[in-house]
There are 2 protein chains.
Amino acid sequence: MDRVDVSLIALRRILRATELFSRELAQSSGVTAVQFRVLQIVAEKEQTTAKEISLRMRVSQATVTSLVDKLVRQKLVSREKSSTDRRQTNIAMTEEGWQTISNAPDPLQQRFVRKFSAMEDWEQAMLVASLERVATMLDAEDIDASPVLDTGDIRRVTEI
Amino acid sequence: MDRVDVSLIALRRILRATELFSRELAQSSGVTAVQFRVLQIVAEKEQTTAKEISLRMRVSQATVTSLVDKLVRQKLVSREKSSTDRRQTNIAMTEEGWQTISNAPDPLQQRFVRKFSAMEDWEQAMLVASLERVATMLDAEDIDASPVLDTGDIRRVTEI
DNA sequence: CATGTTAGTTAGCCAATCAAAGCAATATGG
DNA sequence: CCATATTGCTTTGATTGGCTAACTAACATG
């Protein structure tokens, strides 16, 4: 089997692993991976607008509305009309939201981080280079790519 | 930014690229990526059973039924009771099915293959090693990982 | 033969997503 | 200053993919 095949298989395994994890999380915890992603985006700046989320996630505003609805129902975020522009709605973290985000289990990413950290320096470097290479091969445009694996820990500052 | 972050970002970009592509395909062509995946599995051996598909895709049999329903409705595959074991249903490719699979646009994988092939030998080797490494880091069990990127060309023989 | 196992379908549910339409609020060009 | 965009968001109504649970049919086996 040639290398192209081997790498495609590996890629597929990676995709598959995250997909399965996502489902698993959806069942075990209250929020699904997608909802958690929204929560993360809100968390990055303490508050945001629906528009912002929709742009970041590359999803329609209608979808954002429904996702935010679910988070609001669980009291993880709150909606509030902006005072400066009343067409806008500010979506803000609640105390529960912060808690959820900090308590969220994160097996997949953690597994990755743990193993990655255990690697030799040269191997880490090689991996980083390779992953970036592949990413560039696959995507053309600039996309939202905060350092999370479908779900993961929040970095409030990272805005590449 | 440390290497862990950089690699997680790259991973996310990869995930994102395939996800966006999948949606795009769903709109432009008749079959969605998942349906296409089913079609590919059937194509590998000319015919299969629902069970086989469900195992390969790691999805319930009920889901397979509904996916196959859609393909049958579009006449891309056909159902036929197995003569050897009449509990089984053979799902077989139709002429249209073959056509669909061979005409299917495949920008993502093609982009990958093209760029990969253009790489120097040592770089290809490095990439393969890295991807496999990451895949192993993320998934534990053995999974279906035929050489496709959500959708892609068929290899009837490849059974790793 | 009775009971169990296996393959598949049906029914009923949920999450995520979209497009289209609607409703406010702001912006803007006469 | 008002009529007409434009913008931001929600509602409505669909579709897809996914699940579990219940059911039917066929095979397997003690």
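In the text below, chain A, chain B and the rest are named by the order of the sequence lines, each starting its count at 1. Everything quoted here is computed from the prediction, not taken from an experiment.
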[atom2] on [Y] to [atom1] on [X], rounded to 0.5 Å:
{"X": "B/Leu67", "Y": "B/Asp69", "atom1": "CG", "atom2": "CG", "result": "8.5 Å"}
{"X": "A/Met126", "Y": "A/Leu131", "atom1": "CE", "atom2": "CG", "result": "9.5 Å"}
{"X": "B/Glu46", "Y": "B/Met93", "atom1": "CD", "atom2": "CE", "result": "8.5 Å"}
{"X": "A/Gln35", "Y": "A/Gln74", "atom1": "CD", "atom2": "CD", "result": "6.0 Å"}

inquiry  = From the set C/dC18, C/dA7, D/dC9, return the single nucleotide nearest to any side-chain atom of A/Thr63.
reply    =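 Output: C/dC18.
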inquiry  = Measuring from the side chain of B/Arg87 (C-beta onward, heavy atoms only), which nucleotide among D/dC27, D/dG18, D/dT11 has the closest atom?
reply    =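 In terms of side-chain proximity for B/Arg87, the closest of D/dC27, D/dG18, D/dT11 is D/dC27.
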Given atom [atom1] of [X] and atom [atom2] of [N], what is their separation to the nearest angstrom?
{"X": "A/Asn90", "N": "D/dT10", "atom1": "CG", "atom2": "P", "answer": "11 Å"}
{"X": "A/Lys51", "N": "C/dA25", "atom1": "NZ", "atom2": "C1'", "answer": "15 Å"}
{"X": "B/Glu52", "N": "C/dG8", "atom1": "CD", "atom2": "P", "answer": "10 Å"}

ask   = Between B/Gln35 and D/dG17, does any side-chain N or O lie under 4.0 Å from OP1 or OP2?
value =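 So the side-chain polar atoms of B/Gln35 do come within 4.0 Å of the phosphate oxygens OP1 or OP2 of D/dG17, strictly under.
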message = At a heavy-atom distance below 4.0 Å, what parts of residues 65-86 of chain A sit against DNA chain C?
response =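 The stretch gives A/Ser66, A/Leu67, A/Lys70, A/Asp85, A/Arg86 as the residues lying under 4.0 Å from the strand, ordered by number.
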Taking any heavy-atom pair under 4.0 Å as a contact, classify [X]: base, sugar-phosphate, or nothing.
{"X": "B/Ser60", "answer": "base"}
{"X": "B/Thr89", "answer": "sugar-phosphate"}
{"X": "B/Ala50", "answer": "sugar-phosphate"}

message = Less than 4.0 angstrom from a charged side-chain N to a carboxylate O is my criterion; do B/Glu95 and B/Lys75 meet it?
response =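 Not counted as a salt bridge, because no side-chain N and carboxylate O are separated by less than 4.0 Å.
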query = Is there a donor and acceptor pair, one atom on the side chain of B/Gln61 and one on the base of C/dG8, closer than 3.5 Å?
reply =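 Yes.
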ask   = When you look at CD of B/Glu96, are more than 12 heavy atoms from neighbouring residues, nucleotides or ligands closer to it than 6.0 Å?
value =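 Yes, CD of B/Glu96 has more than 12 neighbouring heavy atoms, counting only those of other groups under 6.0 Å.
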